[in-house]
Every structure is written in structure tokens, then in C-alpha cells.
Asker: 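There's a structure below that I have some questions on.
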Amino acid sequence: MAKDGLPKQAEDFPAWYQEVVKRSGMAENGLAKGTMVMKPHGYAVWEHIQRALDDRFKATGHENLLFPTLIPKSLIDKEQEHLDGFSPELTIVTIGGGEVLEEPLVMRPTSETVIWPTYGKWMQSYRDLPFLYNQWCNVFRWEKRTRIFLRTSEFIWQEGHTAHATADEAKEEVARMLEVYREVAEDVLAIPVLTGKKTPAETFPGAVYSLAIEGLMRDGKALQSGTSHFLGQNFSRAYDCQFLNQDGEQEYAWGTSWGFSTRMVGGTIMAHGDDRGLRLPPAVAPVQVVVVPIYKNDEERSGVLEVAEKIKTTLAGNLIRVKVDDRDQYRPGFKFSEWELKGVPLRIEVGPKDVAADQVVIAHRVSGEKQTRSTADAIGQVAGLLADAQKAIYQDALAYREANTHEIESYESFAEGVEAESGYWVGPWCGDEVCEAKVSSETKATIRVVPLEPTDPGGACIVCGKPGTQRATWAKAY
RNA sequence: CGGGAUGUAGCGCAGCUUGGUUAGCGCGCGGCGUUUGGGACGCCGAGGUCGCCGGUUCGAAUCCGGCCAUCCCGACCA
């Protein structure tokens with residue numbers, strides 16, 4: 001074993017991540033700096049995430065549409081906070097058709113600035129609202145330091161943009177979509193997440209407030225992966241989107257926006273992977289079951305492959321994503337390692353002895369266990385075993401999070417602890433940005449979330465000692 | 001944008017100090033054969049503008065100058 005092993009997570013997590021992403025065939029660097037090529041194995045995971053989200057968007061009454069990638073620069077300039085927030089990250093097209101453009105075009109970093117002026121043309125009265133639209137697209141953010149899946153200059157996501165007649169309705173939407181994100185993260189990607197509100201310092205530029213889900217990676221760092229923003233009337237005012245309300249008055253519409261990106265593919269890798277490679281939750285695994293035939297000669301080969309194909313046909317008929325690895329140039333041991341690297345949840349081994357005894361060996365990626373079952377039992381049990389694996393991998397991640405969540409005893413112990421142990425550190429905070437900034441400059445940890453609903457802060461601010469107003473969760477983050 | 005490092009075959013590297021004629025090794029790749037229950041082995045073979053431009057020299061992967069790119073650390077970052 002480990003003839004060609006990965007770097008160990010415990011020794012060098014970033015090296016492990018880079019290697020596992022490349023060797024498992026998830027993605028590689030693009031030819032332009034800071035970009036990435038999502039390869040079939042990685043894109044398939046994204047497609048499953050996409051499906052899970054899109055089904056839930058439709059179920060909550062949303063429709064998809066698509067705005068152009070290019071946004072006139074003047075539109076971006078209209079919302080000052082938004083402009084300030086994004087300015088350094090903008091990619092701007094200044095030449096088109098060989099001529100310098102009269103007005104530069106911005107490659108969208110997100111689409112509020114082009115969607116809101118358009119929404120303004122579409123809304124006349126409260127009867128037209130709400131607009132519940134979403135788009136699947138790529139966005140561009142020039143990054144000085146990129147990391148595959150986690151931060152690249154171009155990435156794919158969905159951005160929902162809704163317009164409502166009342167603030168309360170918009171706030172409900174923001175909460176509803178955060179819940180969709182939580183559900184997809186936990187039930188589909190098997191990543192337990194904290195849900196909460198961002199501090200003003202971490203709020204989306206132009207939003208009134210931002211909600212987010214945060215997952216904990218296996219190196220103890222947090223990853224923000226889905227965000228849902230209450231825009232208030234900020235964008236409708238900037239782009240003059242008014243409607244006639246029930247009282248016959250012109251009113252600015254209330255907005256939300258929410259996004260979930262391919263970054264979460266990286267999150268799935270880092271939340272579940274181990275030293276042998278990926279461990280993919282069955283719900284998003286491109287291949288859920290791989291059948292590896294074992295044989296010594298042509299005669300054994302044909303007998304074993306016959307059984308393998310039969311297993312495949314039956315499972316595929318039950319909508320299980322199954323593959324028979326009948327490549328002749330690799331031996332079984334090599335295939336075992338390769339599919340483990342790729343994170344396939346279940347492996348069925350079929351050799352001559354098994355064929356003779358009408359049995360197979362089932363190997364579990366999550367637990368690492370192997371068991372022998374009659375062929376018929378094995379086929380019948382696969383769906384259940386996949387469901388068990390989905391639960392087990394979530395439980396693993398949950399146990400990890402619980403073991404790495406610390407109650408803050410004192411500022412000193414927190415400052416030392418967060419360096420050494422990372423993980424989540426929870427404690428009272430006064431709500432002052434000065435205290436927040438002091439922590440981030442002295443420890444590299446930032447406030448990931450504060451609770452959605454007011455809770456007992458549980459004591460005095462860990463930084464300044466004034467009365468706490470809320471319980472904050474700090475962590476080092478990606 | 002600062003500090004450091006690296007660019008030689010698809011990947012990982014040696015060679016450079018002390019210039020010299022066919023530029024090497026491992027993995028991978030192609031063919032043939034033996035193998036196949038945890039990363040097989042033998043033989044044969046294909047594959048290189050030595051990052052780019054210029055300079056020194058009879059002669060440059062090697063020395064000198066400039067440029068470009070990538071990686072790490074920092075700053076920056078929803």
C-alpha cells in the first residue's frame with residue numbers, strides 16, 4: 001500500500017488538498033492564471049449539487065432566467081457601497097471589435113447591478129410582485145491568491161434575485177433560502193453547518209444584513225459556502241425600482257439575493273476526505289458503486305465479468321450509479337486504490353471464488369470495512385448501504401465538529417487556542433467592531449456567524465469585558 | 001504589490017559549481033510476453049525549441065544581462 005501515497009492531511013493539509021483534487025480527477029488549473037478546469041469527476045459532483053438546489057428552488061416557487069455576463073460599468077458605479085466592495089476584484093473589458101469602447105464593460109462579479117434596473121422596467125404594481133428568479137452562471141472576481149474550487153478568478157454558481165412588495169416578505173425569503181442551503185449542505189453533502197448572521201464587517205456590500213452557512217473543514221478551518229442577503233431597498237433606490245403599492249403610493253421594492261457556488265465542491269472534499277483520498281457522500285458521488293472483477297485467465301475473466309455485468313444491470317435498473325471496471329491493463333489492487341482515491345462509496349469485488357460460491361465482497365469507503373454477502377443479498381442491500389454511508393459520513397463530520405468546538409474561557413486561552421487547535425470558538429461579544437477587529441488582527445480568527453435570533457450572550461465580551469450582546473462563533477476561515 | 005524559491009520529456013527530478021561534441025534517471029505512455037483476491041514484472045520502443053530574448057565564447061542546459069511564468073510566505077479577499 002501507499003506506494004504512490006498522498007501527502008498526509010495531518011502533516012500538510014494544503015498539499016493534501018491540491019494533490020487529491022488533481023489525482024482524483026476533480027479539477028486542474030486552467031491555462032489562464034487563477035482559473036480552473038472542472039473535469040468530469042468534479043463537474044458531476046457539481047451537477048448533483050446543482051440538481052439538489054434547483055429542485056428546491058422550483059419547489060419554493062422560483063424560476064430560472066439568465067442575464068448577460070457583460071455589465072455596463074456605469075451601472076456598477078451607481079451603488080456606492082457595492083462598488084467599494086467589489087472594485088478591486090473587477091475584470092473590465094475595454095476593447096471590443098478592435099476598438100476602445102466608449103463605455104467599459106464589467107465581467108459580472110454578481111448581477112445585482114444589472115438585474116435591478118431591469119426589474120425596474122418589469123414592475124408597475126404590487127400585483128406584479130414578487131419576482132422570484134434565479135440564474136445559473138459564471139462570475140468573475142480577480143483574485144490575488146487563488147485556490148482551486150475555493151477561490152478562483154472565474155467560478156460557477158447560482159444567484160437568486162428576488163423583489164418583494166414588503167420588507168417582511170423579503171426577510172422571509174432570505175431565511176427560506178438559507179434553510180434550503182442548510183438542507184442541501186447537511187442532507188445532500190453531509191456537511192453539518194452553522195447557520196447564522198454575518199457581522200456588519202462581513203456583510204455583502206450593499207446588503208442590510210447577510211446570513212450564511214459555515215462548514216468546518218478537517219484542518220479546523222471554517223468555510224463559508226452559501227449566503228443569503230436582505231438587500232432592503234438599497235438596490236431598488238439606486239436603480240429606481242418602484243411599484244404602486246396597495247395604498248396607491250410609489251414604493252421602492254424590497255430585495256434579496258442568495259448564492260451557492262462550486263466552492264462547496266472544495267468544501268465537500270475538505271470536510272470528508274482522508275489520507276486515502278476523497279470520501280464522497282453517496283448523494284453526490286458520480287459513481288456510487290464500482291464493481292471490480294478479479295481473474296487470472298480468459299476463462300475466469302468471462303465468468304467473473306458475466307456476474308459483474310448482471311450486478312450492474314440490476315443496480316442500474318434501481319437508479320444506482322454503478323460502473324464495472326473491466327480495464328484489463330490494471331490489476332485489482334491498483335483499481336481498489338484508485339476508486340478509493342476518487343471517493344466511490346461502495347466497491348463490489350467479484351472473483352472466481354465468489355462466482356463459485358455465488359457471493360461477492362462489499363468494501364465500504366466510509367468505514368473501511370469489508371464484508372462477504374451472497375450475490376442476491378448484496379444487490380438487494382446496496383440501496384440501504386448507500387443510505388447508511390450517507391448518514392455515517394455526516395455523523396463523522398458532526399463528531400469532528402463537536403470535538404473541535406470550544407467554549408471560550410478567557411481571551412488569552414482563546415488567542416492561544418485558536419492558533420494551535422483551530423476549530424470553532426464560541427463566546428460572548430459586545431457587538432463592537434473594534435473588538436471584532438482586535439481579534440482578527442491578533443489571532444487570524446474572524447467571527448463566522450452570530451445567532452439568527454437573539455440569545456443569551458452568556459457573559460461579558462471576551463475582548464473588552466463590557467456586557468455581551470450576542471454569542472459569536474470565531475474561527476480561522478478560508 | 002513586498003520577501004523567498006523554482007523553470008530541463010505528460011508528471012517528479014538530476015546535470016549547472018569547474019562550458020565540450022549522443023542531455024540523463026524514476027514514474028507514466030506504446031508493442032510483445034508472463035501476471036491478476038490491496039498500488040505486478042521482463043524485454044523492446046516513442047517522447048526534449050533545457051521558460052523566452054539577447055550577450056560572452058571556437059563551443060552555452062551550464063557563465064552574464066533583461067524579460068516572462070509558476071509556487072511558498074506576507075499584504076489583499078463576501
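Small disclaimer: the values here were computed from a predicted structure and weren't measured. Just so it is clear, the values below take in all heavy atoms, side chains as well, and ignore hydrogens, waters and symmetry mates. Here is how names work: the chains are called A, B, and so on, in the same order as the sequence lines, proteins then strands, and each is numbered from 1.
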Asker: Check every atom of A75(B), G38(B), A40(B) against the side chain of F334(A) and return the nucleotide holding the closest atom.
Answerer: A40(B)

Asker: I'd like to know whether F204(A) forms a ring pair (Phe, Tyr, Trp, His ring centres under 6.0 Å) with H229(A), so could you lay out the CA-CA distance, the side-chain angles of the two residues, the decisive distance to 0.1 Å, and finally the verdict.
Answerer: CA-CA 7 Å; F204(A) 174 71; H229(A) 312 290; 4.4 Å; yes

Asker: With a 4.0 Å cut-off on heavy atoms, is K370(A) in touch with a base, just the backbone sugar-phosphate, or nothing at all?
Answerer: base

Asker: Apply the side chain to side chain contact (heavy atoms under 4.5 Å, CB included) test between Q288(A) and each candidate in I320(A), V344(A), L385(A); give the one that qualifies.
Answerer: I320(A)

Asker: Give one of base, sugar-phosphate or nothing for Q224(A), where a contact means two heavy atoms less than 4.0 Å apart.
Answerer: sugar-phosphate

Asker: Assign E338(A) to base, sugar-phosphate, or nothing according to its heavy-atom contacts below 4.0 angstrom with the strands shown.
Answerer: base

Asker: Which part of the nucleic acid, if any, lies within contact of R347(A), taking any heavy atom under 4.0 Å across all strands shown: a base, the sugar-phosphate backbone alone, or nothing?
Answerer: base

Asker: Counting the atoms with a prime plus P, OP1 and OP2 as sugar-phosphate, which does P205(A) contact under 4.0 Å by heavy atoms, base, sugar-phosphate, or nothing?
Answerer: base

Asker: Have a look at D328(A) and say if it touches a base, only the backbone sugar-phosphate, or nothing, with a 4.0 Å heavy-atom cut-off.
Answerer: nothing

Asker: Base, sugar-phosphate alone, or nothing: which one does T203(A) contact when heavy atoms must sit under 4.0 Å apart?
Answerer: nothing

Asker: Have a look at R151(A) and say if it touches a base, only the backbone sugar-phosphate, or nothing, with a 4.0 Å heavy-atom cut-off.
Answerer: base

Asker: Between R471(A) and T473(A), do the side chains contain an N or O donor and an N or O acceptor separated by less than 3.5 Å?
Answerer: no

Asker: Any strand counts, and the cut-off is 3.5 Å on both contacts for Watson-Crick or G-U wobble. Which nucleotide pairs with A69(B)?
Answerer: U6(B)

Asker: Do the side-chain N or O atoms of R331(A) get closer than 4.0 angstrom to the phosphate oxygens (OP1, OP2) of G37(B)?
Answerer: yes

Asker: For the side chain of E143(A), starting at C-beta, report the closest nucleotide among C77(B), A75(B), G39(B).
Answerer: C77(B)

Asker: Less than 4.0 angstrom from a charged side-chain N to a carboxylate O is my criterion; do E79(A) and R237(A) meet it?
Answerer: no

Asker: Identify the nucleotide, in any strand shown, that forms a Watson-Crick or G-U wobble pair with G38(B), with both distances under 3.5 Å; if there is none, say none.
Answerer: none

Asker: Taking the nucleotide of RNA chain B with the closest heavy atom to each, which residue, P14(A) or E202(A), is nearer the 5' end?
Answerer: P14(A)

Asker: What about E340(A), does its side chain sit under 3.5 Å from the base of G38(B) through a donor-acceptor pair?
Answerer: yes

Asker: Counting only side-chain nitrogens and oxygens, does K335(A) get under 4.0 Å of the OP1 or OP2 atom of A40(B)?
Answerer: no

Asker: Heavy atoms from C-beta onward define the side chain here; which of G38(B), G74(B), U36(B) lies closest to that of I294(A)?
Answerer: U36(B)

Asker: Heavy atoms only, 4.0 Å cut-off, all strands: where does P293(A) land among base, sugar-phosphate and nothing?
Answerer: nothing

Asker: Determine which nucleotide pairs with U56(B), using a 3.5 Å limit on both distances of a Watson-Crick or G-U wobble pair.
Answerer: none

Asker: Think R448(A) forms a cation-pi with Y424(A), using NZ or CZ under 6.0 Å from the six-ring centre and within 45 degrees of its axis?
Answerer: no

Asker: Looking across every strand, which nucleic acid part, if any, lies under 4.0 Å from V292(A) by heavy atom: base, sugar-phosphate, or nothing?
Answerer: nothing

Asker: If we check side chain to side chain contact (heavy atoms under 4.5 Å, CB included) with V449(A), which of these qualifies: E202(A), E214(A), Q224(A), K197(A)?
Answerer: E214(A)

Asker: Under a 3.5 Å limit for both distances, which nucleotide forms a Watson-Crick or G-U wobble pair with U21(B), could you say?
Answerer: none

Asker: In terms of side-chain heavy atoms of Y330(A), which of C29(B), G39(B), G37(B) is nearest?
Answerer: C29(B)

Asker: From the list G37(B), C76(B), G74(B), which nucleotide is the closest neighbour of the side chain of K444(A)?
Answerer: G74(B)

Asker: Where the side chain of S337(A) is defined as all heavy atoms beyond and including C-beta, which of C77(B), G37(B), G39(B) is the nearest nucleotide?
Answerer: G39(B)

Asker: Look at the side chain of K353(A) and decide which nucleotide, out of G38(B), G37(B), C72(B), has an atom nearest to it.
Answerer: G37(B)

